[in-house]
Amino acid sequence: MAASQESPDYRNETTAEKDARMQWWRQARFGMFIHWGLYAVPAGEWDGNSNHAEWILTTAQIPVEQYEKFGPQFNPVKFDADRWVRMAKDAGMKYLVITSKHHDGFCLWDSDATDYDIMDRTPFKRDILKELSVACKAQGIKLCFYHSIMDWHHPDYLPRRKWEKRSADGADYPRYISYMKAQLEELVLRYDPAVLWFDGEWEKTWTHEEGLKLYDYVRSLKPEIIINNRVDKGRHGMQGTFDTSQYAGDFGTPEQEIPATGLDYDWESCITMNRYWGWNKHDKDFKSTEDLIHKLVDIASKGGNFLLNIGPKPDGTFPIESIERLKHIGQWMAVNGESIYGTTASPFTGLPWGRCTKRIDHDKTVLYLHVFDWPSNSHLRIPELESKIDTSYLLANHEPLETSSDEKGILIEVPKESIDPINTVIVLEVKNER
Ligand code: FHN
């Protein structure tokens, strides 16, 4: 089915045009995901259970009129957009994706299309997205929106949840699509997001035809915007892969997983720091800083982006465990960021001691060897390279390193001790063949 007639087919762009549009995103490699809304109020608890989070309306089968009562309790008086953006920036993140509206339908901005929003249903009465857009612009971080197609609150959204008593009589799904498009226009024209990160596309009422039209509609509002593959119906589950020739979307979206190898199109793994996306006060199962840095490097070594999630508390603060991890990741990125930003997939597979990222400059190729397991014999081995190594050194202090080659490949003489026990980066510069 051709794309919508009322706007050009934005998917019909040249490789050079797409490369230009994706350039900042490919350079960025690392972003913050934020899941925040009314679901932070119950903090994962309902009726004696504590295993809920952003899905609590459904997982606890809370009738909509009862769920709405979280509104008057949502008063995040400690919310500070500048502080949130500063924590993302100091962690080395270049963009921030926040839930403008999750599946529960609640809107974190002052929408003209509904009163089910932060301004009309909470005592807070401040436009969260507006404050974040100002802070992001001031600090040079790209503001992006997660927006759910599935909406458990809007009377025109179908299907109803199976357990719901709320009648579906009079529900008009096309009218819901018009509502969603009106809200997307508000979001794009008022807050100028760099990415629209759709989700909740899996229910049967949302179709491939509508996905193609919505992609073109959002691009018509801001032609340079970037849109994920969950705008359409092509996503293969949590792998997040899709057929880019058939389905709309500018990048794939593996969720809670990292592809075994790179993909032959842009992709971004979204992963939680603990178990849940939204705030659950009992969820102390946080990944270590070491694990998170290794994930960042593994993803970059395969040519992907890492979208790392925070689930803020109902008072507007980040969990302390998240703050600590962001700070430590930032310390590593402050020294080693160039080995992540703007790099592409490794020329090697299966390095036993770590990963490799690559950057091609006009006159040289730079290989960044991320050494997780420091060699005990002061020698690091890598496979043979096609070109001669020009220079080799430790990224952190530029200490030069000696290299040699034998029948098994290349040997790099390294100091007895690593610089960073989590990941010490060695640089190899190779002159580009003329
Ligand atoms: O149902 C959502 C979930 O709550 C969360 O937003 C993740 C993050 O991408 N996406 C969906 C599950 O695939």
Side-chain angles (χ1 to χ4, degrees), residues 25 30-44 46 51-62 67 70 93 95-108 128-129 144-154 157 159 161-162 180 187 193 195-206 211 226-242 247 249-259 266-280 283 285 287 292 295 299 304-312 319 322:
W25 188 88
F30 190 26
M32 178 182 278
F33 211 172
I34 296 177
H35 278 70
W36 200 40
L38 296 189
Y39 42 80
V41 171
W46 188 262
N51 54 3
H52 302 290
E54 77 286 353
W55 267 67
I56 190 167
L57 184 150
T58 288
T59 53
Q61 299 193 358
I62 303 173
Y67 186 86
F70 290 136
M93 295 161 161
Y95 59 104
L96 182 153
V97 181
I98 184 165
T99 49
S100 50
K101 183 195 82 164
H102 202 261
H103 310 330
D104 65 352
F106 183 74
C107 304
L108 283 188
I128 300 276
L129 301 191
C144 311
F145 295 142
Y146 164 115
H147 201 74
S148 177
I149 293 165
M150 178 167 67
D151 187 315
W152 298 328
H153 180 274
H154 197 282
Y157 182 83
R161 302 311 90 194
K162 288 190 175 50
M180 178 168 62
L187 290 169
V195 175
L196 234 303
W197 209 101
F198 284 100
D199 200 15
E201 84 287 4
W202 50 82
E203 294 199 307
K204 286 191 170 38
T205 39
W206 187 248
I226 295 171
I227 301 170
N228 74 344
N229 65 345
R230 301 188 188 191
V231 65
D232 195 353
K233 301 289 280 190
R235 171 169 65 117
H236 305 131
M238 302 303 251
Q239 291 172 52
T241 51
F242 71 123
Y247 294 94
D250 298 317
F251 61 92
T253 52
E255 180 172 323
Q256 302 288 34
E257 60 182 74
I258 300 168
D266 292 298
W267 59 278
E268 171 197 74
S269 277
C270 57
I271 297 177
T272 53
M273 257 197 208
N274 42 2
R275 283 174 46 221
Y276 294 104
W277 296 98
W279 167 244
N280 175 311
D283 181 3
D285 190 12
K287 297 170 181 74
L292 294 170
K295 282 178 166 49
I299 290 166
N305 282 22
F306 185 23
L307 190 63
L308 177 57
N309 185 73
I310 306 282
S322 299

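When a ligand or atom number is given, it counts from 1 through the structure's own listing order. Every value quoted in this text rests on a predicted model; they were computed, and no experiment measured them.
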Which residue and atom name correspond to the protein heavy atom nearest atom 5 (C) of ligand 1, and how close is it?
His35 NE2, 3.5 Å

Looking at the rings of Phe306 and Phe30, which for Trp means the six-membered one, are their centres under 6.0 Å apart?
yes

Does the pair Arg230/Glu268 count as a salt bridge with the N-to-O cut at 4.0 Å?
no

What I want to find out is whether Glu201 reaches Arg235 closely enough, with some N-O distance under 4.0 Å, to be called a salt bridge.
yes

Give the atom numbers and elements of ligand 1 that come within less than 4.0 Å of a heavy atom of Trp197.
9 (O)

Could you check Trp197, Phe145, Tyr95 and say which one makes a ring-ring contact (aromatic ring centres under 6.0 Å, His included) with Phe33?
Trp197

Out of all atoms in ligand 1, which are within 4.0 Å of some heavy atom of Glu54? Include the element for each.
3 (C), 4 (O)

Interatomic distance, CG@Leu187 vs CG@Leu129, rounded to 0.5 Å, equals 6.5 Å

Note: Tyr276, heavy atoms under 4.0 Å from ligand 1, region reported as neither

List every atom of ligand 1 that sits less than 4.0 Å from any heavy atom of Trp202, numbering the atoms from 1 in the order shown and giving each element.
1 (O)

Take the angle between the ring planes of Tyr146 and His103 and call it parallel below 30°, perpendicular above 60°, tilted in between.
tilted

With heavy-atom distances below 4.0 Å as the criterion, list the atoms of ligand 1 near His102.
3 (C), 4 (O), 5 (C), 6 (O)

Let's go through Glu203 and Arg161 carefully: what are the C-alpha distance in whole Å and the side-chain angles of both, what is the deciding distance for salt bridge (Lys or Arg N to Asp or Glu O under 4.0 Å) to 0.1 Å, and is it a yes or a no?
CA-CA 11 Å; Glu203 294 199 307; Arg161 302 311 90 194; 3.0 Å; yes

Residue portion contacting ligand 1 (non-hydrogen atoms closer than 4.0 Å) for Phe198
neither

Identify, for atom 7 (C) of ligand 1, the protein heavy atom at the shortest distance, and state residue, atom and that distance.
Glu255 OE2, 3.3 Å

With a 4.0 Å cut-off on heavy atoms, is Tyr39 in contact with ligand 1?
no

Show which atoms of ligand 1 fall inside a sub-4.0 Å distance from at least one heavy-atom site of Tyr146.
6 (O)

Is it the side chain, the backbone, both or neither of Arg230 that has a heavy atom closer than 4.0 Å to ligand 1?
side chain

Give yes if a backbone or side-chain nitrogen or oxygen of Trp277 is under 3.5 Å from a nitrogen or oxygen of ligand 1, and no if not.
no

Measure the distances from the heavy atoms of His103 to every atom of ligand 1 and state whether one is below 4.0 angstrom.
yes

Ignoring hydrogens and geometry, is there a side-chain-to-backbone donor-acceptor pair from Trp206 to Val231 under 3.5 Å?
yes

Can you list the atoms of ligand 1 that are under 4.0 Å from a heavy atom of Trp55?
1 (O), 2 (C), 3 (C), 4 (O)

Among Thr253, Thr241, Asp250, which residue meets the side-chain hydrogen bond (donor to acceptor under 3.5 Å, both in side chains) test with Asn229?
Thr253

Closest protein heavy atom to atom 10 (N) of ligand 1, given as residue, atom name and distance to 0.1 Å
Asp199 OD2, 2.6 Å

Among Tyr157, Tyr39, Trp55, the one residue meeting ring-ring contact (aromatic ring centres under 6.0 Å, His included) with Trp152
Trp55

